There are 4 protein chains.
Amino acid sequence: MTSTPRRRGADRTEAIMRTTVELGQEIGYAKLSIEAIANRAGVGKHTIYRRWSSKGALLLDSLLSLDDPDLDFSYTDDVLADLREQAYAAVELLARPPVGPLVQALIAEAQHDPRVAAEFKERFITPMAGKLVKRLKAAQEEGHLSPDFDLDLAMAICSGPLYFQFLITQEPITREYVNDVFGALFAGMSPRPAATR
Amino acid sequence: MTSTPRRRGADRTEAIMRTTVELGQEIGYAKLSIEAIANRAGVGKHTIYRRWSSKGALLLDSLLSLDDPDLDFSYTDDVLADLREQAYAAVELLARPPVGPLVQALIAEAQHDPRVAAEFKERFITPMAGKLVKRLKAAQEEGHLSPDFDLDLAMAICSGPLYFQFLITQEPITREYVNDVFGALFAGMSPRPAATR
Amino acid sequence: MTSTPRRRGADRTEAIMRTTVELGQEIGYAKLSIEAIANRAGVGKHTIYRRWSSKGALLLDSLLSLDDPDLDFSYTDDVLADLREQAYAAVELLARPPVGPLVQALIAEAQHDPRVAAEFKERFITPMAGKLVKRLKAAQEEGHLSPDFDLDLAMAICSGPLYFQFLITQEPITREYVNDVFGALFAGMSPRPAATR
Amino acid sequence: MTSTPRRRGADRTEAIMRTTVELGQEIGYAKLSIEAIANRAGVGKHTIYRRWSSKGALLLDSLLSLDDPDLDFSYTDDVLADLREQAYAAVELLARPPVGPLVQALIAEAQHDPRVAAEFKERFITPMAGKLVKRLKAAQEEGHLSPDFDLDLAMAICSGPLYFQFLITQEPITREYVNDVFGALFAGMSPRPAATR
DNA sequence: AAGTAACCGAGACGGTACGTCACGTCTTTGA
DNA sequence: TCAAAGACGTGACGTACCGTCTCGGTTACTT
């Protein structure tokens, strides 16, 4: 029997995060003000400041509070296909509200708030990277991946081009783009030895 | 003989951009206020608003007004080496003030201002990409690069991992990291045909 | 034959004053800005500053440039009636645009600009007072007015209550009000000797 | 036992009004800016805007917050003397800072802000008028005043000439002037009946 | 007729103030 | 005891005008 210990608090916390996402979708996460969130959530400003040290921290918690499809990799014989599949899912999430704009806003925050950067990396990037690295390791063990490949590097190489498209060119990340990227990464840019010969 | 013809305007424009960089280095580009820049530059706020429509626009112009080392690729026999060399230089610029923080701030701005995003892409990213693509095309023609390779894709693959490190993990981009990335990109992640045999 | 000497200037001067009145009626004389007048009149700001030293000066000239009904007193046997008649006319002018609001604005300006106060008194009040004093003097000579009456004082006593209504209570100055004021001024506030006796 | 309960607010209100008067005396009430008052009073601009809707409203409250000598009429046998006495006192107040310039500024404001005009009339003019009317009524009952005299009119007639001098001619209002005005008002402008006979 | 001076529109410029917004801290008050 | 409500000092926003100052481009008078 749970004696509703400290129940009110949790309620409020959730309400605030829910409002954050809601309001963020309406007016944009960049224009969010603590003041507006407090107002909309029917909560004192203090109640927010008590829980989060910065807008970035609130955004991060709000992001992570969203129903996480908890995407994980398939482990078929075809690593490339598995990676693609996974990327499709990730990209689809990032492609639309609320996750996409939220991540964008968080990365923006991270550029001038090292604490947000650290937390974001730890709680958002690293878990994703972990899964990827695990999947790659399995592939490597099965010989589907070049054995002398640093897996953290692989992680950066796989994620980088997607984030580049997301943050810099800001064009939609299509399945074709994903296919191309992974295709290229696996094939390498060198002229094919076979072709040369 | 009229000296300094229509000089006043340009003078101020430069003074403002100089002050922007200066003050940005002192207090951080994110905390820059138009008010403070105007004050420091001894200029009315209007004089800034007349020239730039947003902080982002001012930051971009200020960035581009910096003495551009105008880095361009070498065209030796070794594409890989040339790319690396170029990346070293770029990374070195990004590694320290004023360019690094300015670019960081600009990318942050670009996340919630599409106009900044577009201008940044057009005036900062695209020129760089152009040089890279040109270099890659030359390589391709000489058979140093897989011939069936979309060059824009190559651009994303080469830049992505570096920007990922710059924006997301925010760890210093060492020469080793650059070497690893380009090495991996050229080799590809697939197990070597030799190994397969 | 007038060889249009310095003609352009006069044109502009008039255009500016016309615009002043026009724009003042639209947005209120208090909110008038030199900038807006210049714009509307199609004239550089300098051209205004060259002619008038302050907004008050411009307002005063604009007021005096209006077609002046050039009201003057009748000289019948009945001073009281003549004064009333004159007051009706004056009050009617003050009652509606553009004169009323303009005078109001000028008096407002005069409260914090001694130069405006002086000019306004000299060019607006004094001429009116002159006529009144002259009319009163005639009356005095004909025995229609208490002979031991300082005429400047009489002027103040006649005008004061009207301006009081105009500036302070800001209620419409009806003919009845005018009648009452002059009636009372002539009769005096003392109990009538005749009535007492 | 809670001391200073709900005290903060009132403190600030007073501080702001005090500063308003102070600063107004130094630089003139017309040149007062909310910004400067806030600065000098060590208060945020909002704290002022929260309390007063316009500069006029603040000026009015500041005026009324001044130590009011709370002048009231004597009730001797001599109405004329009582009125004079009262007028001396009033005029003396208006003759010098801070009251004089404040009232002047308020009347100026009232010329383009109907809300200020209304409040000023209600809270400054009407109370004074009330006392005067009351005094006049007493006089009337005692037969010291013409019985068929509208008292509101009497108010206008008594105040008008003084305000005329105050606002329009802007010359000092001497005791002599007061004497003359009231003398004339009581005697009336008509030739004396005795003189007629 | 050409030269020259004055004047003009346009509007940039350094300022000052506006009235608003949000920050993060702090009281106060009601449940 | 805790939270809502929101007052508070601070600082920046973007705008409006101030009065001064170029800037070219006419006029219209002089020589």
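Order of the sequence lines fixes the chain letters, A, B, ..., with proteins taken first and strands second; residue numbering starts at 1 for each chain. Here the structure is a predicted model, which means the values were calculated and not measured.
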Return the value, rounded to whole Å, for the distance between atom [atom1] of [X] and atom [atom2] of [N].
{"X": "B/Leu32", "N": "F/dG11", "atom1": "CG", "atom2": "P", "answer": "16 Å"}
{"X": "D/Ile48", "N": "F/dG9", "atom1": "CD1", "atom2": "P", "answer": "9 Å"}
{"X": "A/Asn39", "N": "F/dA7", "atom1": "CG", "atom2": "C1'", "answer": "14 Å"}
{"X": "B/Trp52", "N": "E/dA12", "atom1": "CH2", "atom2": "P", "answer": "14 Å"}
{"X": "A/Tyr29", "N": "E/dA22", "atom1": "OH", "atom2": "P", "answer": "18 Å"}
{"X": "B/Asp11", "N": "E/dG14", "atom1": "CG", "atom2": "P", "answer": "11 Å"}
{"X": "A/Lys31", "N": "F/dG14", "atom1": "NZ", "atom2": "C1'", "answer": "15 Å"}
{"X": "C/Lys55", "N": "F/dA16", "atom1": "NZ", "atom2": "P", "answer": "17 Å"}

Checklist entry - DNA chain F: D/Gly44 or C/Ser33, which has the more 5' nearest nucleotide? => result D/Gly44

Item to check | D/Ala41 or B/Ala36, whichever maps to the more 5' nucleotide of DNA chain F | outcome: D/Ala41

Checklist entry - Between C/Gly42 and D/Glu35, which has a closest nucleotide on DNA chain E that is more 5'? => result C/Gly42

Next on the checklist: Using heavy-atom distances to pick each residue's nearest nucleotide on DNA chain E, tell me which of B/His46 and C/His46 is more 5'.
Outcome noted: C/His46

Compare side-chain N and O positions of [X] against OP1 and OP2 of [N] and report whether any pair is under 4.0 Å apart.
{"X": "C/Arg12", "N": "E/dG9", "result": "yes"}
{"X": "C/Arg50", "N": "E/dC7", "result": "no"}
{"X": "A/Thr47", "N": "F/dC2", "result": "no"}
{"X": "C/Arg40", "N": "E/dG9", "result": "no"}

If only atom types and distance count, is the side chain of [X] paired as donor or acceptor with the main-chain N or O of [Y] below 3.5 Å?
{"X": "B/Thr47", "Y": "B/Val43", "answer": "no"}
{"X": "A/Gln111", "Y": "A/Ala108", "answer": "no"}
{"X": "A/Lys55", "Y": "A/Ala30", "answer": "yes"}

Checklist entry - So A/Arg40 and A/Glu26, salt bridge (Lys or Arg N to Asp or Glu O under 4.0 Å) or not? Walk me through it. => result CA-CA 12 Å; A/Arg40 171 80 82 98; A/Glu26 288 174 29; 2.6 Å; yes

Checklist entry - Would you say the base of E/dG24 and the side-chain of A/Lys45 have a donor-acceptor pair closer than 3.5 Å? => result yes

Item to check | D/Phe124 to D/Val103 - nearest heavy-atom pair and separation | outcome: CZ-CG2, 3.9 Å

Checklist outcome for this item: Heavy-atom nearest pair, C/Ile168 first then D/Lys121, reads O-CD, 3.8 Å

Checklist entry - Which residues, if any, of residues 17-26 of chain C bring a heavy atom under 4.0 Å of DNA chain E? => result none

Checklist outcome for this item: Per atom distances to the D/Ile34 side chain, the nearest of E/dA12, F/dA4, E/dG19 is E/dG19

Item to check | Residue D/Tyr49, side-chain atoms from C-beta onward, closest of E/dC8, E/dG19, F/dC18 | outcome: E/dG19

Checklist entry - How many angstroms lie between CD in B/Glu35 and CD1 in B/Ile48, if you round to the nearest 0.5 Å? => result 9.5 Å

Checklist entry - So, D/Arg51 and D/Thr13: side-chain donor and acceptor under 3.5 Å apart, yes or no? => result yes

